[in-house]
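What you are looking at is a predicted structure, and each value in this text was computed from that prediction instead of being measured.
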Amino acid sequence: MLLKDFYNIIPIANSDTPKYRVSITINKAHDMFNGHFPETPVIPGVSMLQIIKELAEIITNQKLVLQKLVNVKFLTLMNPEVNSNLVLDLEILNTDDALVKVKNNTIFNESIALKMSAVYSKK
């Protein structure tokens with residue numbers, strides 16, 4: 001975990017398909033929110049991209065390196081004081097050329113807050 005104590009994972013269930021649903025809880029008392037932003041905290045987009053990468057590494061049991069962000073759309077601000085629980089729907093596909101494709105929808109307050117597609121290489 002790049003950001004110590006930033007989030008906790010509710011155990012990931014094994015799946016026979018390439019689709020996973022992962023629930024996490026953001027630590028709303030994390031020091032990051034003192035600067036981003038103290039009066040109205042917002043989870044930084046780059047932190048969300050890191051969380052998705054870390055979850056994909058746990059699921060694939062491999063270290064990954066981001067090669068390309070195909071699509072990233074932040075649809076709403078994620079305020080951990082409003083709701084610190086996030087659900088991440090991940091689809092993880094291994095390709096024939098040793099790449100890992102990840103699609104993600106992050107759900108916050110029952111709405112999709114982030115959509116992302118990325119390609120990673122195996123480290």
Side-chain angles (χ1 to χ4, degrees):
M1 189 178 303
L2 187 62
L3 294 171
K4 185 177 181 196
D5 300 324
F6 184 62
Y7 67 98
N8 293 312
I9 303 169
I10 296 167
I12 301 170
N14 289 338
S15 177
D16 292 336
T17 72
K19 295 185 179 185
Y20 299 84
R21 176 163 270 202
V22 182
S23 297
I24 65 171
T25 302
I26 300 293
N27 176 4
K28 59 186 172 186
H30 195 275
D31 286 341
M32 177 189 304
F33 297 118
N34 292 331
H36 203 272
F37 299 94
E39 295 170 13
T40 307
V42 175
I43 301 169
V46 70
S47 299
M48 287 306 306
L49 298 179
Q50 179 66 28
I51 289 170
I52 294 165
K53 176 186 172 270
E54 291 174 2
L55 293 175
E57 288 178 330
I58 291 168
I59 291 167
T60 62
N61 197 28
Q62 297 179 46
K63 288 289 186 186
L64 301 173
V65 177
L66 180 64
Q67 293 300 306
K68 178 169 63 169
L69 282 171
V70 178
N71 188 22
V72 179
K73 290 183 183 178
F74 293 94
L75 303 169
T76 187
L77 296 175
M78 291 179 270
N79 180 337
E81 288 185 351
V82 173
N83 187 343
S84 60
N85 300 313
L86 302 177
V87 174
L88 292 91
D89 287 331
L90 298 158
E91 182 176 3
I92 301 174
L93 302 168
N94 289 295
T95 67
D96 292 337
D97 51 357
L99 296 175
V100 177
K101 293 183 177 182
V102 176
K103 291 183 181 179
N104 166 261
N105 285 334
T106 299
I107 301 164
F108 177 78
N109 278 346
E110 300 182 22
S111 297
I112 295 177
L114 165 62
K115 289 183 169 199
M116 184 213 74
S117 296
V119 178
Y120 298 90
S121 61
K122 299 173 187 176
K123 196 171 186 182

(request) For the pair Phe6 and Ile24, evaluate side chain to side chain contact (heavy atoms under 4.5 Å, CB included) and give the outcome as yes or no after the intermediate values. (result) CA-CA 10 Å; Phe6 184 62; Ile24 65 171; over 6 Å; no
(message) Are Asn85 and Ser23 packed together at the side-chain level, in the sense that at least one heavy-atom pair is separated by less than 4.5 angstrom?
(response) no
(message) Under the side-chain hydrogen bond (donor to acceptor under 3.5 Å, both in side chains) definition, can you give me all pairs with a residue in residues 36-46, not counting sequence neighbours?
(response) none
(message) Taking side-chain hydrogen bond (donor to acceptor under 3.5 Å, both in side chains) as the definition, give me every residue that meets it alongside Ser15, ordered by chain and number, with sequence neighbours left out.
(response) Thr17
(request) Please assess Thr106 against Met78 for the test side chain to side chain contact (heavy atoms under 4.5 Å, CB included), listing each intermediate value before the final yes or no. (result) CA-CA 10 Å; Thr106 299; Met78 291 179 270; 4.2 Å; yes
(message) If hydrophobic clusters are built from ILVMFWY residues whose side chains come within less than 4.5 Å, do Ile51 and Leu3 share one?
(response) yes
(message) Count I, L, V, M, F, W, Y as connected when their side-chain heavy atoms are under 4.5 Å apart, and connections chain through other members. Are Tyr20 and Ile9 then in the same cluster?
(response) yes
(request) Sort and list the pairs that fulfil side-chain hydrogen bond (donor to acceptor under 3.5 Å, both in side chains) and have at least one residue in residues 49-65, not counting sequence neighbours. (result) Tyr7-Glu54, Gln50-Glu54, Lys53-Glu57
(message) Once side-chain hydrogen bond (donor to acceptor under 3.5 Å, both in side chains) is applied, what residue pairs with a partner in residues 72-84 remain, sequence neighbours excluded?
(response) Asn83-Asn109
(request) Could you list the residues that satisfy salt bridge (charged side-chain N to carboxylate O under 4.0 Å, His left out) with Asp89, not counting sequence neighbours? (result) Arg21
(request) Output, in order, the C-alpha distance, side-chain angles, deciding distance and verdict of side chain to side chain contact (heavy atoms under 4.5 Å, CB included) for Leu114 and Val72. (result) CA-CA 7 Å; Leu114 165 62; Val72 179; 4.0 Å; yes
(request) To the nearest 0.5 angstrom, please state how far the CG atom of Leu90 sits from the NZ atom of Lys103. (result) 12.5 Å
(request) Please examine the side chains of Pro18 and Ile92, heavy atoms only from C-beta on, and report whether any two atoms are closer than 4.5 Å. (result) no
(request) Would you indicate whether the side-chain heavy atoms of Val102 and Met116 approach each other to under 4.5 Å? (result) yes
(message) Quick one, Phe108 with Leu86, criterion side chain to side chain contact (heavy atoms under 4.5 Å, CB included). Give me CA distance, side-chain angles, the key distance, then yes/no.
(response) CA-CA 5 Å; Phe108 177 78; Leu86 302 177; 3.2 Å; yes
(message) I'd like to check Leu69 versus Leu49 (side-chain heavy atoms, cut-off strictly below 4.5 Å). Are they in contact?
(response) yes
(request) Could you identify which residues cluster with Val70, counting Ile, Leu, Val, Met, Phe, Trp and Tyr as linked when any side-chain heavy atoms lie under 4.5 Å apart, either directly or through a chain of such contacts? (result) Leu99, Val119
